[in-house]
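Note: hydrogens, waters and symmetry copies are ignored here, and every other heavy atom, side chains too, is used. Letters go in sequence order (proteins before strands), and every chain restarts at 1.
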Amino acid sequence: MKIGQRIGLKLGKATRDAFGLALAEVGREDPSVVVIDGDVHNSTRTEYFAAEFPDRFFNVGIAESNMVGIASGLAASGKTPVVASFAAFIMCNAFDQLRMGVAFPELPVKVVGSHAGISIGADGPSQMGIEDVALACALPGFAVVVPADEPSTKAATRAMIAHPGPVYLRVGRPKVPIVYENGCDFQIGRAIEVRDGVDVTIVANGIMVAAALEAAHLLEQEDISARVLDMHTVKPIDQTALQAAAEETGAIVVAEEHLHYGGLGAAVAQTVGELCPTRLAFVNLGDRYAESGTPDELLEKYGLTADNIVAAVKRVLD
Amino acid sequence: MDRLLSDEKRTELVELAKRIRRHIIKMTTEAGSGHPSSSLSAVELLVTLYFGGFLRYRPGEPGWPDRDRFILSKGHAAPVLYAVLAEAGFFPVEQLWTLRRIGSPLEGHPNRKRLPAVEASTGSLGQGLSIGLGHALAARLDGRKYRVFVLLGDGEIDEGQVWEAVAAAAKYRVGNLIAIVDHNGYQQTGPTREVLDLDPIPQKWSSFGWHTQEIDGHDLDAVAAAYSAAIETGDRPSLIVARTVKGKGIEAVLDELGDHNMHGKPLPKGAAEKALALLA
């Protein structure tokens with residue numbers, strides 16, 4: 001992946017790999033953790049957990065609705081179930097089950113959607129979860145978490161298990177640049193300031209955090225000082241960090257690998273609009289599906305690069 | 001067949017069944033909405049389960065970890081569940097008359113957040129068997145001996161998720177999972193045979209690997225024998241298809257109203273009085 005290369009970010013593991021490895025680790029510490037699979041454990045990387053804890057791993061076949069129902073029952077009887085499949089399938093196929101079996105009864109089911117965004121590449125739009133954040137945010141009580149890289153995904157996985165309520169964790173397929181070389185202080189609901197700046201704030205999550213850092217570097221060469229906030233938790237959103245960004249920098253660009261409606265951009269706009277109305281611009285997929293291609297080709301064609309963020313910053317500062 | 005129920009027990013259950021039918025009529029007519037006919041078909045199934053010595057529960061401790069779970073997957077039959085729970089002592093019978101009123105935990109469909117005696121929040125059909133399977137697997141993981149009973153409607157099994165759960169339960173050979181299909185022959189807009197015919201139900205489930213039985217769902221002795229056999233099965237999940245009558249107990253009143261389905265309709269006041277007299 002080209003993102004971050006210009007500023008020397010090293011490529012780390014895919015966030016799905018980081019999740020899978022961290023899940024196996026947490027499994028060793030917490031015997032209440034059980035995993036429900038929809039026959040994609042070698043894609044979601046729950047395979048590491050499955051290999052260590054076969055009795056606590058249930059591959060129920062390609063049946064997302066049933067997966068979530070089973071998780072609901074397991075949670076009601078005291079387990080901490082992790083339901084993992086492709087973001088597109090678990091959120092879109094099992095949405096009513098997430099509503100009735102998880103959100104409405106307020107059960108601590110952990111939902112993990114892998115292969116999120118267009119950066120999965122060649123498999124094409126049917127496999128790309130790009131509505132998932134909007135859907136997860138619509139469920140009352142859900143925390144919605146979109147980590148940026150390998151270290152923060154490991155931390156996010158632990159935070160997800162420790163969180164008392166339901167969580168949606170979004171992870172991706174390709175290897176992604178490392179933002180947090182020295183680890184990170186990850187708390188659900190608390191944004192991380194990855195870089196300080198005074199002229200504009202770029203609020204991003206997922207792979208767009210690395211793109212935002214790259215954009216900030218490019219902007220610096222033009223004497224524009226950009227703050228970068230890793231808004232890994234879309235819900236509950238960090239209002240304090242957003243208010244400070246709005247007040248201190250006066251302009252915000254929101255970058256995400258998701259559709260325009262219902263994602264991070266919407267959450268930021270709602271918050272800033274209420275607390276401190278500010279000029280905003282958005283870098284996202286718009287209102288359309290993508291196509292097959294390599295991850296880099298797709299990110300470029302569909303407008304999710306550092307250059308797109310730079311252009312948005314210029315629009316918002318114009 | 002040996003009868004499992006003593007004469008005394010049977011007499012007690014017959015009386016309880018009548019009382020619960022009266023509760024169902026009163027509750028729904030008082031509320032002005034609800035699903036009495038869908039509730040009436042399941043009365044003997046629930047009375048035998050809760051009062052025939054099959055379901056292990058503690059009314060003072062609804063979250064008792066070793067309790068048997070009962071999940072009403074056909075959530076629209078909430079009135080029969082509430083009436084049974086009240087008679088079992090989970091809450092006062094007087095609370096039944098608050099059905100569907102603002103602030104009452106007795107909502108139109110079961111809500112486990114509001115009413116702890118309810119095991120699962122249901123009402124969107126097709127989901128209870130999966131939830132029951134989750135509980136059944138949790139029992140296995142924890143080495144507990146509780147059983148999980150799930151009551152489904154015959155229209156409800158149109159939902160594809162039911163069949164996902166049927167297949168998965170067979171895979172995991174959950175002997176502590178017992179499904180009951182209340183086969184009253186009607187769904188919202190007409191006979192199940194006309195809307196989507198899934199007969200013969202037992203053959204379909206047994207082809208997945210389930211133990212199956214088909215019984216008269218209003219015959220207390222048959223229901224008791226079926227629960228007993230299902231519990232004895234042990235090494236695989238068990239299905240009881242209960243042939244029932246929608247609106248059982250008030251057929252004469254439904255005759256007069258000219259509607260043997262009466263789906264989601266409470267009896268008008270006058271008809272309710274006649275029904276209560278029939279069930280006196």
Side-chain angles (χ1 to χ4, degrees), chain A residues 27 30-39 49 53-83 85 89-90 93-111 139-141 165-166, chain B residues 62-71 73 75 107 109-116 118-144 146-148 150 159-172 174 176-177 208:
Chain A
D30 185 347
S32 81
V33 175
V34 296
V35 175
I36 329 293
D37 172 38
D39 201 37
F49 183 96
F53 308 105
D55 295 341
R56 288 153 56 191
F57 176 82
F58 304 97
N59 180 354
V60 301
I62 309 157
E64 292 79 15
S65 304
N66 191 38
M67 287 170 73
V68 173
I70 290 171
S72 172
L74 283 159
S77 272
K79 299 296 166 195
T80 307
V82 176
V83 179
S85 182
F89 309 147
I90 198 68
N93 203 328
F95 190 73
D96 187 28
Q97 289 72 21
L98 290 166
R99 178 182 76 103
M100 285 300 300
V102 182
F104 178 38
E106 299 175 20
L107 288 167
V109 172
K110 316 301 174 181
V111 182
L139 293 166
Chain B
W64 176 39
D66 289 311
R67 72 192 183 281
D68 289 333
R69 277 73 165 150
F70 172 72
I71 292 168
S73 194
E107 296 195 21
H109 293 77
N111 177 350
R112 75 189 292 274
K113 285 303 287 180
R114 303 284 300 280
L115 194 65
V118 162
E119 206 66 65
S121 298
T122 52
S124 179
L125 294 173
Q127 305 189 24
L129 192 61
S130 302
I131 295 170
L133 175 54
H135 282 281
L137 292 170
R140 175 182 294 179
L141 289 166
D142 289 338
R144 293 185 190 274
Y146 61 80
R147 302 181 188 109
V148 185
V150 181
E159 290 278 6
Q161 187 187 348
V162 173
W163 301 96
E164 295 180 2
V166 168
K171 171 180 175 177
Y172 290 103
V174 277
N176 56 343
L177 181 65
F208 281 92

Out of [options], return the one with the most heavy atom pairs under 4.5 angstrom to chain B.
options: Gly69(A), Gly78(A), Ala71(A), Pro31(A); result: Gly69(A)
options: Val68(A), Val34(A), Asn66(A); result: Asn66(A)
options: Ala76(A), Ala94(A), Gly61(A); result: Ala76(A)

Which residue out of [options] racks up the most heavy-atom pairs below 4.5 Å with chain A?
options: Ala139(B), Ser121(B), Ala168(B); result: Ser121(B)
options: Thr122(B), Leu133(B), Leu137(B); result: Leu137(B)
options: Gly128(B), Gly63(B), Ala136(B), Ala138(B); result: Ala138(B)
options: Arg114(B), Gln127(B), Glu119(B), Arg144(B); result: Gln127(B)

Ignoring hydrogens, what is the shortest heavy-atom contact between [X] and [Y]? Give both atom names and the distance.
X: Ser77(A); Y: Asp142(B); value: O-OD2, 4.1 Å
X: Gly123(B); Y: Met100(A); value: N-CE, 4.1 Å
X: Tyr172(B); Y: Phe57(A); value: OH-O, 4.5 Å
X: Leu74(A); Y: Gly134(B); value: CD2-O, 3.3 Å

Would you indicate whether the side-chain heavy atoms of [Y] and [X] approach each other to under 4.5 Å?
X: Asn59(A); Y: Lys171(B); answer: yes
X: Leu107(A); Y: Arg112(B); answer: yes
X: Gln97(A); Y: Ser130(B); answer: no
X: Arg99(A); Y: Ser124(B); answer: yes

Tell me whether the count of non-hydrogen atoms from other residues, nucleotides or ligands lying under 6.0 Å of CD1 in Ile62(A) goes above 12.
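Result for CD1/Ile62(A): open.
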
Between Asp55(A) and Arg140(B), does any NZ, NE, NH1 or NH2 come within less than 4.0 Å of an OD or OE carboxylate oxygen?
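Salt bridge: no.
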
Considering only heavy atoms, which portion of Ala120(B) lies under 4.5 Å from any heavy atom of chain A: side chain, backbone, both, or neither?
neither

Can you tell me which portion of Arg69(B) sits under 4.5 Å from chain A's heavy atoms? Options are side chain, backbone, both or neither.
side chain

Distance, nearest 0.5 Å, that separates CE of Met67(A) from CD of Glu164(B)
10.0 Å

